[in-house]
Trainee: 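Right, I'll just put the structure down here and ask away after.
The figures that follow rest on heavy atoms only: side chains count, while hydrogens, waters and symmetry mates do not.
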Amino acid sequence: MEYFKWTQWIFLKLYNSWFNPETNKAEPIETLKFPAEIVASGLRPDLSVPGAGTTFDSARRAFVDSKRLAYVSEAPVNWCPELGTVLANEEVIDGKSEVGGFPVIRKPMRQWMLRITAYAEKLLADLDLIDWSDSLKEMQRNWIGRSEGAEVDFQIDGWKEKIRVFTTRPDTLFGATYMVLAPEHALVDKITTGEQCEAVKCYREHAARKSDLERTELAKEKSGVFTGAYAINPVNGGKIPIWIADYVLASYGTGAIMAVPAHDTRDYEFAGKFNLPVIQVVQPADAKADWQGFTGDGVAVNSTGPEISLTGLPTAEAKKMITAWLEANSLGKRTINYKLRDWLFSRQRYWGEPFPVVWKKGPDGQSYHEALPESSLPVLPPVLEDYKPTADGQPPLARAKDWLGEIPGSTRETNTMPQWAGSCWYYLRYLDVKNARSFVSKDAESYWMGANGCKVNSIGTQPVISNLQLATKSMTPGVDLYVGGTEHAVLHLLYARFWHKVLFDLGCVSTPEPFYKLVNQGLILGEDGQKMSKSRGNVVNPDDVLVEYGADAFRLYEMFMGPLQETKPWNTKGVEGVYRFLGRVWRLFVDEKSETAFEQAETTAVSSNRGELLELILLDGGITDLAATPAQFKALHACIKKVTDDLDGMRFNTAISAMMVFINEAMTWQNKPLPVMKTFLQLLAPFAPHLAEELWARLHATFGQIAPSLAYTPWPKFDPALLVESEIEIPVQVNGKFRDVIKVPVDANNATIEAAAKAAEKAQPFLASKTIKKVIIVPKKMVNFIVG
RNA sequence: GCCGGUGUGGCGAAAUGGCAGACGCACAGGACUUAAAAUCCUGGGACUGUAAAAAGUCGUGCGGGUUCGAGUCCCGCCACCGGCACCA
């Protein structure tokens, strides 16, 4: 409930903020200035008491609402009938719901949106500040989909309206042979001529009926209809036909394009189908290459008009020149577009945070929304008997009539927030869970998020995290390490970054990014190497493994399987392997006879005194307080070094193999020195905590010592001096081929090494009766004889 | 189509440019046992060779290159996995 409260509190922050393009950050809505025309038309200039509500005239309200970071939209949304709710773009994959794979259709509905698009540039630029995998960053970049280009206005022949298009290739303007509007484009009704009216109407209806799924699946074949109208190409005055086609999306760019079939694959296909002219305006650098359908950079040709000529210019320069000309003549301007859309934030579900919002009716009869004050938080969902939507399709909360009208003069919002809302900031609440006054205290936030010394980024600057900061964990801003799967690449990880950035702009948190270092753990596949799924019947249930082998073995196996980031198949036999290893560790410490005694006692005893029977198990007599031999120390310290280094690099698999090597050797020891055995348990503790703690406690008890939990003992340090070898093995090569190994003192000089290498038994046959042309000696590494 | 990742024994995998296959699984042989399980020991890339050895040749997806020396670096391919995709 407390958590609901603060999630709603953050929502209110979003609701009461706007993105100021001048300061390039979110600001409280109070800093928003009304444009002159609204001030002039306004009858009630007083905006200072928003709580009073009635002082908001509709023009002002509409203006503020158009700027809020949380706003209401009437645009078509992704409706999933099966799930009974709308979904965000990120939750729709190939026209199906991400959860369950049910069909999704477009449906106009009144929905809450979050203005994540205002943060597109920051979300993109700040990827440079964080240590995530390239593939994950690339997925986000893809999703944000920044593209640079220009907007160009085309006059419609016979009308005063213009069609504005977005293009990344303004340099191909001379090659535009027709225009295409999205079927939903606002101008279609207006410009369609009488004889085309029927065909256009029919096509639009047809397009509207198509689901997202059909739109993507039927992408192969182009379709479209001529409107009967013509546009004027601003560079040469040419009259070109205006078509509508569903390959142009209403929701991207301006919903209209200029078609340059010669240099765009889609336009080329369309022109081919409808016999539209194709004019070359780019010459590929490779003279033999076909210019038809060539979409790369080249040199502009056939691009000369009465006022401007691009002919002869390379693509990059042609783009610059035409854009400058368009801007100078007020025909267009340089623009950046993003694929990212605003985040559809409301759901028609019961389980979810209710919006802290009510609806009211103004004096003009128009209904409008108003945020509840902070003091009314949390807004809890009403108790319901039935969690299904109402008969007339309202969200479940609409069933609670009393709750709806609880606040006099208003009706509560019945939508709820998606599950992503809470996951957007839980890492902040973890820092200060019980705080009743704030979502997180300043102190806790700055301590844990470690913002000290982190300079704040602003767009366009170099990444400001120095190598020193990268190397020093205490300096890394945000969550130090976040381990998660890629399935959240454009959902949780994008949403949380967005919320965090808003909170950052509003001064609520001190870092620009929430998660500094992120590691994607690889997917664990089923034993058949396929993705685990119920339908394939290859799901491994962890509970079963835990019952059979215990938590330590399960945990250890998952770490031992291979590199953390890699996708790898499950193998239950592998669990048995690490289980055997843990068994060897146990037997290294425990006296076998006493354990046999315990087992026998256990089979005959009643279950209640099993705890006492455990006392029968004694430590192995080989464990003594004797000093360790140099070889024992060496084995231990090699293990400490390897495990320490590997933990740092999250190479758990090789850390575990180092412990196996140690155990394999220790099994042969007659005397097991206590300090060595203790230190080993410390190394084991992070991997198999239960077993390690158990043995740790027994070890201390047996020697009459007090045992603090392993979790609180300092990590062991290795002594490099103990790892120094007096003699080392060096490979001997002849003509680069390995032939033998020699043993020489560590500090042997080159002459000694060469002599020893020449004498190497197995290298002899390859050296005899040959002349040695060259000897390559890399000290402590190898010897290579080049012979002829 | 575009982007990212991965290719090494029968399998999961190791290897700062310097003895490829550590460690584990599976397998085979042996010890213990009346027997089995458990445990312990031994073996193991392929090919040639040998009674068995010894010894040699080949071998890290494919083709080139750099280097005394390449699984590792460079260039060009191929295959598989993941993501995006009528985004102008």
Side-chain angles (χ1 to χ4, degrees), chain A residues 93-94 133-143 145-147 149 165-169 172 180 182 215-216 218-223 245-249 251-260 263-267 269-270 295 337-341 486-487 489-490 520 522-523 525 527 529 531 557 560-563 565-578 580-581 583-584 587 592 642 651 653-661 663-664 667 729-741 762 765 773-778 780-787:
Chain A
I93 295 169
D94 292 335
S133 71
D134 287 341
S135 67
L136 198 66
K137 285 187 181 184
E138 205 52 37
M139 279 189 216
Q140 292 218 338
R141 285 194 194 105
N142 256 325
W143 192 258
R146 181 184 198 271
S147 69
V165 303
F166 174 72
T167 176
T168 55
R169 293 296 299 270
T172 61
V180 185
R215 272 212 174 189
T216 37
L218 302 174
K220 314 279 171 279
E221 188 73 0
K222 294 274 179 297
S223 66
D246 65 0
Y247 82 91
V248 172
L249 307 175
S251 52
Y252 182 78
T254 60
I257 61 157
M258 64 174 201
V260 183
H263 307 294
D264 181 283
T265 317
R266 298 147 302 184
D267 297 345
E269 264 177 53
F270 191 83
T295 59
N337 248 304
Y338 301 92
K339 287 201 299 194
L340 182 70
R341 313 285 160 74
T486 39
E487 69 272 18
V490 294
N520 291 125
L523 197 66
L525 306 172
E527 293 202 82
K531 226 176 189 168
Y557 173 63
F560 184 64
M561 288 171 85
Q565 292 90 337
E566 227 94 308
T567 299
K568 44 210 176 284
W570 177 267
N571 180 2
T572 300
K573 291 283 187 195
V575 189
E576 284 176 27
V578 294
R580 276 202 281 267
F581 163 68
R584 283 205 296 279
R587 287 192 299 276
E592 269 191 77
K642 183 77 177 145
R651 292 177 297 266
N653 55 330
T654 49
I656 292 166
S657 96
M659 289 189 286
M660 287 172 168
V661 170
I663 285 295
N664 288 347
M667 293 290 276
E729 290 190 334
I730 293 183
V732 178
Q733 299 178 357
V734 178
N735 284 346
K737 255 187 191 307
F738 165 77
R739 295 300 173 186
D740 204 354
V741 176
K762 291 176 186 167
K773 289 181 180 167
K774 197 175 169 188
V775 183
I776 295 150
I777 298 176
V778 182
K780 297 181 187 177
K781 288 281 184 199
M782 49 69 62
V783 186
N784 189 5
F785 294 106
I786 309 303
V787 301

Trainee: Scan A:Val778 against the nucleic acid and name what it touches under 4.0 Å (heavy atoms): base, sugar-phosphate only, or nothing.
Mentor: base
Trainee: Using whole Å, report how far CZ of A:Phe166 lies from C1' of B:A88.
Mentor: 8 Å
Trainee: Does A:Lys137 reach a base, just sugar-phosphate, or nothing at all? Heavy atoms under 4.0 Å.
Mentor: nothing
Trainee: Using a 3.5 Å limit for the pairing distances, which stems of at least 3 consecutive Watson-Crick or G-U wobble pairs does RNA chain B take part in?
Mentor: B:1-7 with B:78-84, B:10-12 with B:23-25, B:27-31 with B:39-43, B:45-48 with B:55-58, B:61-65 with B:73-77
Trainee: How would you label the contact of A:Asp267 with the nucleic acid (heavy atoms, under 4.0 Å): base, sugar-phosphate, or nothing?
Mentor: nothing
Trainee: Would you indicate what A:Glu729 reaches in the nucleic acid, counting non-hydrogen atoms under 4.0 angstrom: base, sugar-phosphate, or nothing?
Mentor: base
Trainee: Taking A:Lys568 for the side chain and A:Pro563 for the main chain, is one N or O donor matched with an acceptor at less than 3.5 Å?
Mentor: yes
Trainee: Output one line per pair: protein atom, nucleotide atom from nucleotides 37-42 of chain B, and distance, for all N/O pairs under 3.5 Å.
Mentor:
| from | atom 1 | to | atom 2 | distance (Å) |
| --- | --- | --- | --- | --- |
| B:U39 | O3' | A:Arg587 | NH2 | 3.2 |

Trainee: Report which part of the nucleic acid A:Gln733 touches: base, sugar-phosphate, or nothing (heavy-atom distance under 4.0 Å, all strands).
Mentor: base
Trainee: Within 45 degrees of the axis of the six-membered ring of A:Tyr247 and under 6.0 Å from its centre: does A:Lys222 put its NZ or CZ there?
Mentor: yes
Trainee: Rounding to an integer number of Å, can you tell me how far A:Gln565 CD sits from B:U6 C1'?
Mentor: 13 Å
Trainee: Report which part of the nucleic acid A:Ser135 touches: base, sugar-phosphate, or nothing (heavy-atom distance under 4.0 Å, all strands).
Mentor: sugar-phosphate
Trainee: Counting any heavy atom closer than 4.0 Å, what does A:Arg651 reach on the DNA or RNA strands: base, sugar-phosphate only, or nothing?
Mentor: nothing
Trainee: Nearest-nucleotide wise, let me know which of A:Val661 and A:Gly562 is further upstream toward the 5' end of RNA chain B.
Mentor: A:Gly562
Trainee: Contact class for A:Ser147 vs. all strands (heavy atom < 4.0 Å): base, sugar-phosphate, or nothing?
Mentor: sugar-phosphate
Trainee: At 4.0 Å (heavy atoms only), tell me whether A:Arg141 reaches a base, stays on the sugar-phosphate, or touches nothing.
Mentor: nothing
Trainee: Tell me what A:Asn571 touches on the nucleic acid: a base, only sugar-phosphate, or nothing, going by heavy atoms under 4.0 Å.
Mentor: sugar-phosphate
Trainee: For A:Pro563, which contact category applies under a 4.0 Å heavy-atom criterion: base, sugar-phosphate, or nothing?
Mentor: sugar-phosphate
Trainee: Check this one for me: any side-chain N or O of A:Lys222 less than 4.0 Å away from OP1 or OP2 of B:A88?
Mentor: no
Trainee: Counting the atoms with a prime plus P, OP1 and OP2 as sugar-phosphate, which does A:Lys339 contact under 4.0 Å by heavy atoms, base, sugar-phosphate, or nothing?
Mentor: base
Trainee: Using a heavy-atom cut-off of under 4.0 Å over every strand shown, decide if A:Gly253 touches base, sugar-phosphate, or nothing.
Mentor: nothing
Trainee: Using the side-chain heavy atoms of A:Ser657, tell me which of these nucleotides is nearest: B:A88, B:C23, B:C68.
Mentor: B:C23
